[in-house]
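Every value quoted in this text rests on a predicted model; they were computed, and no experiment measured them. Here is how names work: the chains are called A, B, and so on, in the same order as the sequence lines, proteins then strands, and each is numbered from 1.
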Amino acid sequence: MTVRVRYAPSPTGPLHIGSARTVLYNWLFARQHGGKMILRSEDTDRERSDVKWEQEICQSLRWLGLDWDEGVDAGGDCGPYRQTQRLELYRDYIQRLEQQGRTYYCFCTPEDLEARRQQSRYEHGGYDGACRQLSAQEVARRLEQGESAAVRFRVPRDTKVEFNDLVRGDIAVETAEISDFVILKKDGIPTYNFAVVVDDVTMGISHVIRANEHLINTPRQILLYQALGEQPPAFAHISLILDKSGRKMSKRMGDTAVDAYAQKGYLPEAIVNYIALLGWSPEDEQEIFSLEELVAEFDMGRVSRSPAIFDVKKLDWMNNQYIMQTDTGRLADMAMEVLAGQGVEVARGREWLRQVIEVVRDELANLAQLAEFLPEFTEEEVEISPQAMESLTWEHSGLVLDQFISRLKQLDSLTSDSVGEMLKQLNKDIKKQTGSGGKTVFMPVRAALSGQTSGQELYLLVPLLGRELALKRIDFCRRAATDSGVNNE
RNA sequence: GGCCCCUUGGUCAAGUGGUUAAGACACCGGCCUUUCAAGCCGGUAACAGGGGUUCGAGUCCCCUAGGGGUCACCA
């Protein structure tokens with residue numbers, strides 16, 4: 001059997017992180033079986049659908065590195081791939097069911113239904129079957145009078161629907177639990193449950209891999225497959241991704257859209273890697289996976305049945321892992337965009353930013369955090385910590401800084417090597433002159449250069465500052481120390 | 001409320017009747033280091049509860065509790 005899977009979003013918002021994982025699992029499954037991936041737009045909700053979202057979803061998918069063989073933006077033999085463009089097809093299928101007496105017209109208004117439901121809410125949900133027994137004459141008469149009607153599917157009574165879910169095992173539901181549901185809305189648009197079935201049948205879908213919230217829809221859909229005389233596909237329902245509070249991920253608790261993570265400077269491969277591990281685990285203990293490795297290792301049988309909580313801390317760690325091993329040129333390109341998106345201007349340009357990244361990358365959870373690091377390399381007037389201030393008053397600090405300044409001025413070019421050499425020599429010489437070195441040398445230099453007692457390696461910091469800024473900093477910090485009433489001469 | 005699904009440390013999770021119950025993130029400590037990170041080493045911490053079945057249960061069965069989903073002319 002050729003594997004054909006699909007991702008079928010409704011274009012009503014950006015790509016959700018949970019959906020991204022669903023697509024990933026579909027994609028991995030297709031790729032490892034030499035199958036096809038299909039992207040279909042379920043845009044039958046005319047109120048909320050918008051092509052703008054369809055485009056954004058496509059863009060996020062591409063950004064993640066997930067492609068598709070057929071569908072929206074790709075074409076294929078089973079098109080069109082937007083449900084609103086397949087209305088005639090649905091009509092044919094509705095007719096097939098009609099001819100077999102499996103449907104009936106329903107004239108109940110939404111208000112009627114709502115009112116009746118209010119009363120019986122906790123006894124039996126769903127439709128009460130009011131129009132099930134309407135005579136053919138009455139139906140014809142009301143239709144003729146121009147009364148509009150929805151079409152409902154006649155659910156068989158007293159039987160049960162059983163199927164085997166690839167991740168959940170055997171599932172059985174009594175049809176008594178399923179009321180006659182609408183398959184064609186009054187406006188002539190099919191409902192989700194009907195359209196998916198027709199689409200999955202006509203597109204030859206072999207495996208339906210989707211979120212767990214659809215598990216309960218599956219029996220209805222299987223009933224439809226049976227009524228149409230079609231073989232249902234295999235189903236795999238994967239658990240939801242929850243937020244920190246254990247609820248379905250909501251914007252209130254953090255970012256839910258893939259795009260939000262892109263804008264914060266998370267790398268697509270980190271996102272993919274992280275969500276792959278949210279609900280699936282490999283046989284061994286590997287944590288870092290490329291897309292190719294995932295194709296090889298992924299196993300639907302090892303997908304977890306329980307919901308997973310999205311942990312940004314681990315994502316941060318994962319992203320950092322990728323930041324540390326990614327080419328800084330690429331990071332710089334991404335960072336320029338990310339920072340621009342945050343309204344942060346990089347006055348000294350991309351190449352300079354690249355060097356900054358080289359120096360601070362091991363502390364970065366995402367590229368947007370670069371914004372917090374930049375002042376350390378650009379500001380003239382820095383914040384001076386009490387500890388830094390104190391180190392400027394040490395016995396030999398004045399001497400150390402004087403010598404550092406004159407040597408800095410003499411250096412031909414500022415590279416990590418030349419500055420490193422210079423510092424080493426300075427340390428040696430000071431030790432010879434005063435008897436103390438190490439911390440008594442490096443700490444005042446650091447304090448005068450940055451106002452802090454911790455930070456980047458000095459030989460990396462200085463070249464990034466440049467001679468001019470470095471000298472200004474030292475001047476500024478010494479002045480501040482003097483002004484604070486302490487004599488550091 | 002009915003139905004369906006789920007329940008191993010704070011989080012992700014391994015585990016398919018016999019293990020000292022892995023590993024990762026986070027946290028704590030140590031080493032390294034002119035600082036901070038990174039890195040390396042180590043530590044704290046879990047089978048929701050109760051009944052069975054069994055020589056033996058995180059693993060199988062039942063009940064309870066908790067969480068989630070669903071009960072739309074939304075998808």
Could you tell me the separation between the CG atom of A:L240 and the P atom of B:G67, rounded to a whole number of Å?
-> 16 Å
Rounded to whole angstrom, note down the P distance from B:A21 over to B:U16.
-> 14 Å
Taking the C1' atom of each, how far is B:C25 from B:A45, in whole Å?
-> 14 Å
May I ask you to verify if any side-chain N or O of A:S281 is less than 4.0 angstrom from the OP1 or OP2 atom of B:C12?
-> no
Applying side-chain contact (heavy atoms from CB on, under 4.5 Å), name anything that partners A:D311, two or more places apart in sequence or on another chain.
-> A:Y274, A:K313, A:K314
For RNA chain B, just give me the dot-bracket, please: Watson-Crick or G-U, both distances below 3.5 Å, ( ) intra-strand, [ ] crossing earlier pairs, | paired with another strand, . unpaired.
-> ((((((((.[[[..)..(....]]].(((((.......)))))....[[[[[..)....]]]]])))))))....
Less than 4.5 Å apart, any side-chain heavy atom of A:L277 and any of A:M318?
-> yes
Given salt bridge (charged side-chain N to carboxylate O under 4.0 Å, His left out), test A:R354 with A:E358 step by step and report yes or no.
-> CA-CA 6 Å; A:R354 211 206 94 242; A:E358 211 151 69; 3.0 Å; yes
Phosphate OP1/OP2 of B:C73: any A:R152 side-chain N/O under 4.0 Å | yes
Which part of the nucleic acid, if any, lies within reach of A:A150 when heavy atoms closer than 4.0 Å are counted: base, sugar-phosphate only, or nothing?
-> base
Look at the aromatic rings of A:Y225 and A:F235 and report parallel, tilted or perpendicular, splitting at 30° and 60°.
-> perpendicular
Considering only atom C1', compute the distance from B:C60 to B:G15 and round it to an integer number of Å.
-> 15 Å
Any side-chain N or O of A:R446 under 4.0 Å from OP1/OP2 of B:C36?
-> no
Any donor-acceptor pair under 3.5 Å between the side chain of A:K314 and the base of B:A24?
-> yes
Can the positive tip of A:R142 be found less than 6.0 Å from the middle of the six-membered ring of A:Y105, inside 45° of the ring normal?
-> no
Are A:R6 and A:D199 close enough for a salt bridge, meaning some N to O gap below 4.0 Å?
-> no
Could you tell me whether A:R302 contacts a base, only the sugar-phosphate backbone, or nothing, with contacts defined as non-hydrogen atoms closer than 4.0 Å?
-> sugar-phosphate
Can you find a side chain N or O atom of A:K439 that sits less than 4.0 Å from OP1 or OP2 on B:U33?
-> no
Please state whether the base of B:A38 and the side chain of A:N320 form at least one donor-acceptor pair under 3.5 Å?
-> no
Of all residues at least two apart in sequence or in a different chain, which pass the ring pair (Phe, Tyr, Trp, His ring centres under 6.0 Å) check with A:W280?
-> A:F289, A:F298
Taking the same atom, C1', in B:U53 and in B:C40, what whole-Å distance lies between them?
-> 49 Å
For B:C5 and B:G43, measure between their C1' atoms and round to the nearest Å.
-> 37 Å
